[in-house]
Protein chains: 2
Amino acid sequence: MSNQQTSLQPRYKKGKLKLIEATLESLMAEGSEGASIRKICDRANVSIGLVNYHFTSINELLAAAYKHLSMGVLSAAVEKSEVHAGDPRRCLSAFMEEIFSHKVLQPSVLRAWLVFWGMVDSSAAIRMAHDEVNTASWEFLEKIIIGMDQQSKVKLSPRLAAIGLSSMIDGLWLEKCLQPDTFTAIEAVRLCEFWVDAIA
Amino acid sequence: MSNQQTSLQPRYKKGKLKLIEATLESLMAEGSEGASIRKICDRANVSIGLVNYHFTSINELLAAAYKHLSMGVLSAAVEKSEVHAGDPRRCLSAFMEEIFSHKVLQPSVLRAWLVFWGMVDSSAAIRMAHDEVNTASWEFLEKIIIGMDQQSKVKLSPRLAAIGLSSMIDGLWLEKCLQPDTFTAIEAVRLCEFWVDAIA
DNA sequence: TAAAATACTATACAATCGTTCAATTTATTC
DNA sequence: GAATAAATTGAACGATTGTATAGTATTTTA
C-alpha cells in the first residue's frame with residue numbers, strides 16, 4: 001500500500017500518522033487480534049501511552065485508520081476514472097480496474113477491511129467513518145451510472161444499479177479475503193463489467 | 001430464527017445444542033463482544049465450565065454455531081428451491097426468496113455472520129466450518145446454473161456466474177448489516193433476479 | 001537562550017478473558 | 001438401590017486488555 005496521502009484522506013501530523021499506519025499493518029497481518037494497542041505500538045516502536053495522547057481511545061485510532069485506508073483506495077480509483085470524464089462507461093472500467101488491482105486485492109488488505117466492518121456496530125467513531133466512506137463511494141458510483149443513463153437509458157434505476165454494483169464489489173472483496181484462490185482479479189473485474197453491461 | 005434442525009445441520013445432544021443456540025443469540029445481540037464464554041453461558045444459564053466440557057475450546061463452539069446457523073439457512077433455501085426441480089430458473093428464484101426472507105435479512109442475524117467471517121482467519125475450526133458451508137452453497141448455485149445452461153446457453157461460465165451471484169448475495173447481506181436502511185429485501189431479490197436474467 | 005508547548009515514556013490499575021480442574025449433582029445402567 | 005457415567009458448578013489461575021497519569025524528553029516560540 002502506498003503511503004502517499006491522497007485528496008480525500010484527512011491530514012495528520014507525523015506522530016498520529018505513524019500510529020495510523022502501524023494500525024493498518026497490524027490489522028493486515030493479524031486481523032482482529034492485531035487491534036491491540038500493545039501490538040500497534042510495538043509496530044510503531046512507541047510507547048502505548050501515545051495512543052491516548054494522540055487519540056481519545058483506541059476506537060478513534062481505528063476509525064482514523066479505516067478512513068485513511070478506504071479514502072486512499074477510493075481517491076486512487078476516482079482519480080483513475082476521472083481521466084475518462086465524459087465517458088461514464090470507461091469511468092467505471094477504470095474505477096473497477098483500480099479497486100481490483102493487486103495493491104488492493106491482497107488478502108491482508110481485505111482482512112483489515114473485514115476487521116473494520118466487524119467493528120462498525122460497536123463503536124460510534126468507526127460507524128461514522130464507515131458511513132462517510134460508504135456514502136462517498138456509493139454516491140460516486142451512482143453519479144457515473146446517472147451519466148450512463150443520460151446517454152442511454154439503463155435498465156435499473158441508477159440508485160439500484162449502484163447498490164448492486166457496490167454489493168458485488170464488497171462481496172467479491174469478502175470472498176477474496178475468505179477464500180483467496182476462488183477467482184482472479186481479472187475475473188472479478190470481468191464480473192463487475194458484466195454487471196455494468198447488463199444494466200446498459 | 002427457527003430452532004428446528006434441518007437436513008444439513010449436524011445433530012447435537014441437548015446440552016451442546018443449548019450452548020450453540022446461546023452463542024448465536026449472543027453474537028446476534030452483541031456482535032463480536034458477544035463471543036465471550038461468560039456472556040454465552042449467562043444466556044444459556046449454565047456455568048462457564050460447560051464450554052470446555054462440551055467443546056475443546058470456545059473456537060470449537062463458535063465453529064459449531066457458525067455451521068448450525070449457515071446450514072440451517074442453506075437447508076431451508078435448498079428445500080424451498082427443490083420444489084421447482086426441473087426448472088432451474090424457478091429454483092434460483094425460490095432460493096433467493098428464502099435467503100432474503102425476513103427470517104434471514106435481520107441485522108442481528110447478519111451481524112452474527114459478520115463476526116464469523118472475521119474469525120475465519122484466526123481459527124482452524126471456524127475456517128473449516130466456513131469452507132464447508134461456502135462450498136456447499138456455491139456448489140448448489142453452480143449446479144442450478146449448469147441446469148440453466150443446459151436448457152439455453154448462459155453468457156458466463158456457470159462457475160463464474162455462481163461466483164458472481166454468490167458474491168452479490170454476500171455483498172447485499174454485508175450492506176444490509178452495515179446500513180440496514182439502504183435497500184429493502186424486495187430490492188435485494190430484484191438485484192439478484194436481474195443478475196440471473198442477465199446471464200440467461 | 002529560557003519558557004512554553006508538544007511529544008513521549010513507563011508504570012499501575014481494574015477489568016476481562018479462556019482454560020483448568022476438584023467437587024458436586026444428575027442421569028443411566030445393571 | 002448401588003455403582004457407574006455423564007453433566008455441571010464454581011473457583012482459581014495466568015494472561016491480556018484499554019485507560020490513566022506523573023514524570024521526562026524534545027520541539028517550538030518569543
Side-chain angles (χ1 to χ4, degrees), chain A residues 10-27 29-66 112 115-116 118-127 129, chain B residues 10-27 29-66 112 115-116 118-127 129:
Chain A
R11 302 269 142 176
Y12 296 111
K13 291 192 186 177
K14 212 178 85 165
K16 266 190 156 183
L17 189 57
K18 191 176 183 182
L19 280 177
I20 287 167
E21 283 165 355
T23 300
L24 290 174
E25 280 176 34
S26 193
L27 296 190
E30 304 192 39
S32 56
E33 283 164 42
S36 133
I37 66 164
R38 284 170 172 87
K39 287 183 179 178
I40 289 163
C41 292
D42 279 352
R43 283 183 183 268
N45 264 294
V46 298
S47 151
I48 66 169
L50 264 201
V51 172
N52 286 92
Y53 177 76
H54 284 299
F55 299 88
T56 47
S57 70
I58 181 168
N59 282 335
E60 297 285 334
L61 168 58
L62 289 164
Y66 186 6
V115 174
F116 290 131
M119 290 174 172
V120 166
D121 247 10
S122 45
S123 150
I126 297 168
R127 154 68 66 192
Chain B
R11 302 269 141 175
Y12 296 109
K13 291 191 184 176
K14 214 179 84 170
K16 266 190 158 184
L17 189 57
K18 190 176 185 182
L19 281 176
I20 286 167
E21 283 164 356
T23 300
L24 290 174
E25 281 175 34
S26 193
L27 297 191
E30 305 195 39
S32 57
E33 283 164 42
S36 133
I37 65 165
R38 283 170 171 88
K39 289 184 177 175
I40 290 163
C41 292
D42 280 350
R43 283 184 181 268
N45 264 293
V46 298
S47 151
I48 66 170
L50 263 201
V51 171
N52 286 94
Y53 176 76
H54 286 299
F55 300 88
T56 48
S57 70
I58 182 170
N59 282 336
E60 296 286 335
L61 170 57
L62 289 164
Y66 184 8
V115 174
F116 290 132
M119 290 172 172
V120 165
D121 247 10
S122 46
S123 150
I126 298 169
R127 155 65 69 192

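Quantities reported herein were computed from a predicted structural model and do not represent experimental measurements. Throughout, protein chains are lettered first and strands after them, A, B, ... in sequence-line order, and every chain is numbered starting at 1.
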- Task: Five pairs at each end of the helix from dT1(C)-dA30(D) to dC30(C)-dG1(D): take the axis at both ends and give me the angle between them to 10°.
- Result: 20°

- Item | CZ-OG distance between R43(B) and S26(B), expressed to the nearest 0.5 angstrom | 5.0 Å

- Euclidean distance, atom CG of residue L61(A) to atom C1' of dT19(D) [Å, nearest integer]: 14 Å

- Message: Without decimals, in angstroms, what is the distance between E33(B) CD and dG18(C) P?
- Response: 12 Å

- Taking CG from N52(A) and P from dT19(D), how many angstroms apart are they, rounded to a whole number? 5 Å

- Message: What is the separation between atom CD1 on I40(B) and atom P on dG18(C), rounded to the nearest whole Å?
- Response: 8 Å

- Task: Would you mind telling me which of L24(A), L17(A), T23(A) makes a side chain to side chain contact (heavy atoms under 4.5 Å, CB included) with E21(A)?
- Result: L17(A)

- Applying side chain to side chain contact (heavy atoms under 4.5 Å, CB included) between I20(A) and each of I40(A), L61(A), L62(A), report the one that passes. L61(A)

Under 3.5 Å, which N/O atoms of the protein pair with N/O atoms of nucleotides 4-11 of chain D?
residue: dA7(D); atom: OP2; partner: Y53(B); partner atom: OH; Å: 2.7
residue: dT8(D); atom: OP2; partner: H54(B); partner atom: NE2; Å: 3.1
residue: dT9(D); atom: OP2; partner: S47(B); partner atom: N; Å: 2.5
residue: dG10(D); atom: N7; partner: S47(B); partner atom: OG; Å: 2.8

- Query: Nearest-Å distance, CE (M119(B)) to P (dC17(C))?
  - Reply: 13 Å

- Message: Rounded to whole Å, how long is the line connecting atom CD of E30(B) with atom P of dT16(C)?
- Response: 12 Å

- NZ of K16(A) to CZ of R11(A): how many Å apart, nearest 0.5 Å? 14.5 Å

- Between S123(A) and N59(A) the two heavy atoms that sit nearest each other are OG-CB, 3.6 Å

- Message: In this structure, how many angstroms lie between the P atom of dT16(D) and the NZ atom of K39(A), rounded?
- Response: 9 Å

- Task: Can you measure from OG (S47(A)) to CZ (R38(A)) and round to the nearest 0.5 angstrom?
- Result: 9.5 Å

- Note on the structure: Interatomic distance, OG@S36(B) vs CG@D42(B), rounded to 0.5 Å, equals 8.0 Å

- Task: Enter the distance from S32(B):OG to M119(A):CE here, rounded to the nearest 0.5 Å.
- Result: 7.0 Å

- Describe the nucleic acid contact of I58(A) in one word from base, sugar-phosphate, nothing, applying a heavy-atom distance below 4.0 Å. sugar-phosphate

- Would you give the length of the straight line joining atom CG of L19(A) to atom CD1 of I37(A), rounded to the nearest 0.5 angstrom? 10.0 Å

- Looking across every strand, which nucleic acid part, if any, lies under 4.0 Å from A35(B) by heavy atom: base, sugar-phosphate, or nothing? sugar-phosphate

- Task: To the nearest Å, give me how far apart CZ (F55(A)) and P (dC8(C)) are.
- Result: 12 Å

